[in-house]
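This report concerns only the one structure given below.
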Amino acid sequence: MSDLKRGLSEVVAQAFADAGLPPELGRVTASDRPDLADFQSNGALAAAKAARRNPRELATQVAERLAGDARIAAVEVAGPGFINLKVSDDALSARAQQIATEPLAGASAVEAVRRVIVDYGGPNVAKPMHVGHLRSSIIGESIKRIYRFRGDNVVGDAHFGDWGFQMGLLIGAVTDEQPQIAAVVEALNAGQSVDDEAVRAAMGAVDLADLDRLYPAAAGRAKEDIEYRERARRLTAALQARTPGYHRLWLHFHDVTRVALERDFHALGVDFDLWKGESDVEDLIDPMVDDLASKGLLVDDQGARIIRVVREGDKRELPPLLVVSSEGSAMYGTTDLATILDRKTSFDPALAIYCVDQRQADHFEVVFRAAVMAGFAEEGGLEHVGFGTMNGADGKPFKTREGGVLKLNDLIEMARTKARERLHEAGLGAELDAAAFEDTAHKVAVAALKFADLQNFRGTSYVFDLDRFTSFEGKTGPYLLYQAVRVKSLLRRAADEGVAAGPIRIIEPAERELALTLDAFDAAVAEAYDKKAPNHVAEHAYRLAQSFSRFYAACPIMGAEPDVRASRLALAQAMLRQLEQALDLLGFSAPERM
RNA sequence: GCGCCCGUAGCUCAACUGGAUAGAGCACCCGCCUUCUAAGCGGGCGGUUGCAGGUUCGAGCCCUGCCGGGCGCGCCA
C-alpha cells in the first residue's frame with residue numbers, strides 16, 4: 001500500500017493532466033514548512049517555466065481541481081506557486097491504521113525483484129579486525145538489510161582476503177617459530193601420510209593471536225631482509241602450487257581466522273551469507289586470462305599483460321588494469337575480475353555493490369570497465385559504494401595497515417564499559433540479572449557505535465570520538481533504544497491491566513505529527529535504497545523517536561478515556577514496530593528493558 | 001603535474017535530485033518530574049553555506065576561476 005505522498009502524487013498528477021500540464025510535474029513531497037502544510041507540490045513552477053506562463057495562475061488552476069478530494073483537508077497556493085496540501089484527519093488516521101498492520105510497517109517493496117550481491121567487510125587472514133573495518137561492515141550490513149527488506153534477493157559476501165604474499169610470510173614465520181609444525185609441514189610436503197589428528201594437534205598450537213603477533217613482525221622484516229622476502233615469495237609460489245604441507249597449514253590459518261572473525265562480526269550484528277575469498281577464484285584465473293587474450297583485450301606492455309580501459313571523452317587518464325605482472329603473477333585487480341566472473345556464473349547478479357573505502361574509487365572504475373569489456377557484467381551492474389575515512393580526534397585517519405591500531409574487539413569492549421557505567425549512573429537496569437544487564441550493555445554499545453556511523457552520509461569522513469558516541473545524550477543510538485524501551489514498558493503495563501489497542505483516531509497535533517512521521521518511513525527507506533545511503537533510515541529513526549517522545553510527553557495514554565487510550569496505544573504499538581524495523585535495517589536492536 | 005572528493009552554527013554532522021525562513025545533536029542560558037522510564041520534553045542563543053563571478057523567477061546544490069584540506073595516480077592488497 002502506498003504512503004500518503006504517493007497517493008497524493010497520483011491525485012495531483014491527475015489534476016495537472018486535467019489542467020493540460022505534464023502529469024509528472026505533480027510530484028508531491030513532504031512540506032518544507034510544516035507550519036503551513038503537510039505536503040507540497042512544486043510542479044507549477046516547473047510547468048510555468050516550460051510553458052512561459054504565470055506559476056501562481058497554474059497552481060491556482062490545479063488547486064481548484066484538488067479541493068474536492070476527501071483525503072485533502074485544505075489546499076492553498078503560496079509564495080511563487082507552491083501548492084500546499086493538508087491531509088484530513090480521517091485520511092491520516094486510516095494511513096496510521098494501515099501502517100500498524102502492514103508487514104513492512106509502512107514501507108513498500110521494490111517493483112521488480114533483483115539479485116544483488118553486497119561485497120563488504122573485507123577481513124583478512126591473520127589480521128584481527130580493527131577500527132578500519134568498522135565502516136565497511138556497518139554500512140555494508142545496513143545496505144544488505146535495506147535491499148533485502150524491500151524484497152530483493154540479496155547475498156552478503158565477506159570477500160575474505162586469504163591469498164597472496166602475506167600467506168607466504170606467515171608460513172615462513174610460523175614454521176620458524178614452531179618446529180613441530182615445521183616437521184608436520186615437511187612431512188606432508190614430502191608426500192608422507194600423516195594422521196589428521198596429529199596434524200590438527202600440531203597446528204592447533206597456533207591461534208589468531210599468534211598470527212596477529214607474527215604477521216607484523218614478518219612483514220617488517222621482509223621490508224629490510226631481501227633473503228627473507230625471497231623465501232616468503234617462494235613459499236607463496238609453493239602454496240599457490242598446492243604443495244600439500246603449505247596448503248594444509250594455510251587452511252589452518254584460514255579456518256582459525258574465520259572462526260574468530262565470524263564471532264567478532266556476529267557480536268557487531270554483522271553476518272555474511274558467503275565467505276568467498278581470493279583463494280576461491282584462484283583456479284579461474286588462468287582460463288580467464290586465456291579468455292581475455294582470445295577476446296583481444298590483453299596488451300603486452302613493459303613485460304606485463306594489461307587491459308586498457310580508457311574511453312573517448314575521459315577527462316582523466318585512468319591506468320590500465322594490470323592482469324599479469326612482468327613476473328607472471330596475478331594482481332589484485334585480476335582477482336577482482338575473476339570474482340566478478342565467478343559471481344556471474346554462480347549467481348548472475350543484476351547488481352553487485354562494493355562497500356569499500358572511497359580511496360579505491362579509481363581501482364574499481366578500472367576493474368568494472370574491464371569486466372564490462374570482457375562481458376562479465378552489464379554496464380551499471382557493478383557499483384562501488386565508497387565511504388569516507390574514519391578519523392581520529394587529531395583529524396588523521398585511523399591506520400588500517402601495520403600494527404598499533406585499536407582492535408575492534410577492544411573498541412567494542414571500551415564501548416561496553418562506558419555503557420555499563422552509564423546504566424549504573426542512571427540507575428537503569430537495576431532490576432536485571434547479571435546476564436540481562438550484560439546483554440543490555442552490549443546492545444547499548446553496539447547501537448552507540450553503529451548509529452554514530454550511520455547517521456552520517458557514508459561518503460563523508462567523520463571524526464571518531466568514542467566519548468561523544470557513548471555520551472548517551474541527544475542524537476545517539478542509546479536515545480533510540482530508550483524510546484523503544486519506554487514504549488515496551490508502556491505496552492507491558494497495558495497488557496498487565498488488560499487494556500487493548502483499538503482503532504486509531506488522529507486528533508491532537510502531537511498525534512498528527514507522529515502519524516505523518518510514520519508515513520514518511522517509506523520515502524526514507526526508498527531514498528536509502530536508491531542512494532545506498534543508510535543515513536536516511538537513521539535520520540528517520542531519529543525523527544520517529546523524537547516525534548514519539550513529544551507525543552508521549554503531550555498525550556497521556558493510560559489515563560485517557562477508553563477510546564482515546566485504545567487509539568493511542570495502537571499508535572504507540574505502530575511506532576514501536578516501525579522503530580524496531582528501522583533499527584534492524586541499521587543493524588542493531590533494542591533490549592526489553594533498560 | 002593530472003584526476004577525484006570535501007569546505008555548512010563554537011564543535012560533530014544533515015539537507016527528499018534547483019524551491020519558501022539552510023536543519024539536528026553537543027556546548028551555553030531559561031523552564032518542566034505527587035501522573036505511563038527526565039538517557040526525556042518545551043523555549044532561547046548561535047549562519048554572508050571558504051572567496052569571487054556566472055546561469056534563472058529562485059543556487060548549499062549547476063558552470064568558471066581562485067583559496068584551503070583530504071585522497072588516488074601499473075607490477076602491494
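Order of the sequence lines fixes the chain letters, A, B, ..., with proteins taken first and strands second; residue numbering starts at 1 for each chain.
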Whole-Å distance separating the CG atom of A:L322 from the P atom of B:G74: 10 Å
Just grab all the side-chain hydrogen bond (donor to acceptor under 3.5 Å, both in side chains) pairs involving residues 557-573 of chain A, residues at least two apart or on different chains. A:E511-A:R568
Length of the CZ-C1' vector between A:F39 and B:C16, whole Å: 12 Å
Using a cut-off of 4.0 Å on non-hydrogen atoms, how would the nucleic acid contact of A:D162 be classed: base, sugar-phosphate, or nothing? nothing
For RNA chain B, what are the stems built from at least three Watson-Crick or G-U pairs in a row, each pair having both distances below 3.5 Å? B:1-7 with B:67-73, B:10-13 with B:23-26, B:28-32 with B:40-44, B:50-54 with B:62-66
Does the aromatic ring of A:F82 sit over the six-membered base ring of B:A20, closer than 5.5 Å centre to centre and tilted less than 30°? yes
Kindly give the atom pairs (protein nitrogen or oxygen, nucleotide nitrogen or oxygen) under 3.5 Å for nucleotides 54-63 of chain B.
from: B:G58; atom 1: O6; to: A:K49; atom 2: NZ; distance (Å): 3.1

Could you tell me which residues satisfy salt bridge (Lys or Arg N to Asp or Glu O under 4.0 Å) with A:E421, sequence neighbours excluded, listed by chain and number? none
Between B:G46 and B:G19 - P atom distance, rounded Å: 27 Å
Rounded to whole Å, please give me the gap between CD in A:Q360 and P in B:A77. 12 Å
Grab the CG-C1' distance between A:L516 and B:C16 for me, whole Å please. 15 Å
Which part of the nucleic acid does A:E527 contact within heavy-atom distance under 4.0 Å: base, sugar-phosphate only, or nothing? sugar-phosphate
Suppose the criterion is salt bridge (Lys or Arg N to Asp or Glu O under 4.0 Å): which pairs have a residue in residues 532-557 of chain A, not counting sequence neighbours? A:E383-A:K532, A:K475-A:E539, A:E513-A:R550, A:E539-A:R543
Parallel, tilted or perpendicular: which describes the rings of A:F160 and A:H254, with under 30° parallel and over 60° perpendicular? perpendicular
Taking only residues two or more places apart in sequence or in another chain, which ones pass salt bridge (Lys or Arg N to Asp or Glu O under 4.0 Å) with A:D465? none
is_close_aromatic(A:Y354, A:H384), centroid dist under 6.0 Å: no
Side chains of A:R135 and A:D453: closer than 4.5 Å at any heavy-atom pair? yes
Taking B:C6 as the reference, what is the distance to B:A14 when you measure between their P atoms (whole Å, please)? 11 Å
Interatomic distance, A:N42 CG vs B:G18 C1' [rounded to whole Å]: 10 Å
Run the numbers on A:F469 and A:F451 for ring pair (Phe, Tyr, Trp, His ring centres under 6.0 Å), then give the verdict. CA-CA 9 Å; A:F469 298 170; A:F451 189 76; over 10 Å; no
In whole Å, what is the span from the OH atom of A:Y215 to the P atom of B:A77? 10 Å
Kindly state each residue pair satisfying side-chain hydrogen bond (donor to acceptor under 3.5 Å, both in side chains) with at least one member in residues 485-494 of chain A, sequence neighbours excluded. A:Q483-A:R486, A:R486-A:S549, A:K488-A:E580, A:K488-A:E592, A:R493-A:E497
Would you indicate what A:V485 reaches in the nucleic acid, counting non-hydrogen atoms under 4.0 angstrom: base, sugar-phosphate, or nothing? base
On the nucleotide B:U17, are OP1 or OP2 found under 4.0 Å from the side-chain N or O atoms that A:R27 carries? yes
Atom P, compared across B:C16 and B:C61: separation rounded to whole Å: 13 Å
Starting from P on B:A24, measure out to NE2 on A:H540 and report it in whole angstrom. 17 Å
Looking at residues at least two apart in the chain, or sitting in another chain, which of them share a ring pair (Phe, Tyr, Trp, His ring centres under 6.0 Å) with A:Y462? none
How close or far is atom C1' of B:C36 from atom CE of A:M575, stated in whole angstroms? 14 Å
All salt bridge (Lys or Arg N to Asp or Glu O under 4.0 Å) counterparts of A:D357, not counting sequence neighbours: A:R359
Pairs under 3.5 Å (N/O, protein and nucleotides 40-46 of chain B):
from: B:G40; atom 1: OP1; to: A:G474; atom 2: N; distance (Å): 3.3
from: B:G40; atom 1: O3'; to: A:S549; atom 2: OG; distance (Å): 3.1
from: B:G40; atom 1: O2'; to: A:R486; atom 2: NH2; distance (Å): 3.2
from: B:G40; atom 1: O2'; to: A:S549; atom 2: OG; distance (Å): 2.9
from: B:C41; atom 1: OP1; to: A:Y479; atom 2: OH; distance (Å): 2.7
from: B:G42; atom 1: OP1; to: A:R550; atom 2: NH1; distance (Å): 2.8

I'd like to check A:E278 versus A:T334 (side-chain heavy atoms, cut-off strictly below 4.5 Å). Are they in contact? no
Strictly by ring pair (Phe, Tyr, Trp, His ring centres under 6.0 Å), give each pair with a member in residues 298-331 of chain A just once, sequence neighbours left out. none
Walk along nucleotides 9-15 of chain B from 5' to 3' and tag each nucleotide B, S or - by protein heavy-atom contact under 4.0 Å, base first, then sugar-phosphate. ---SSSS
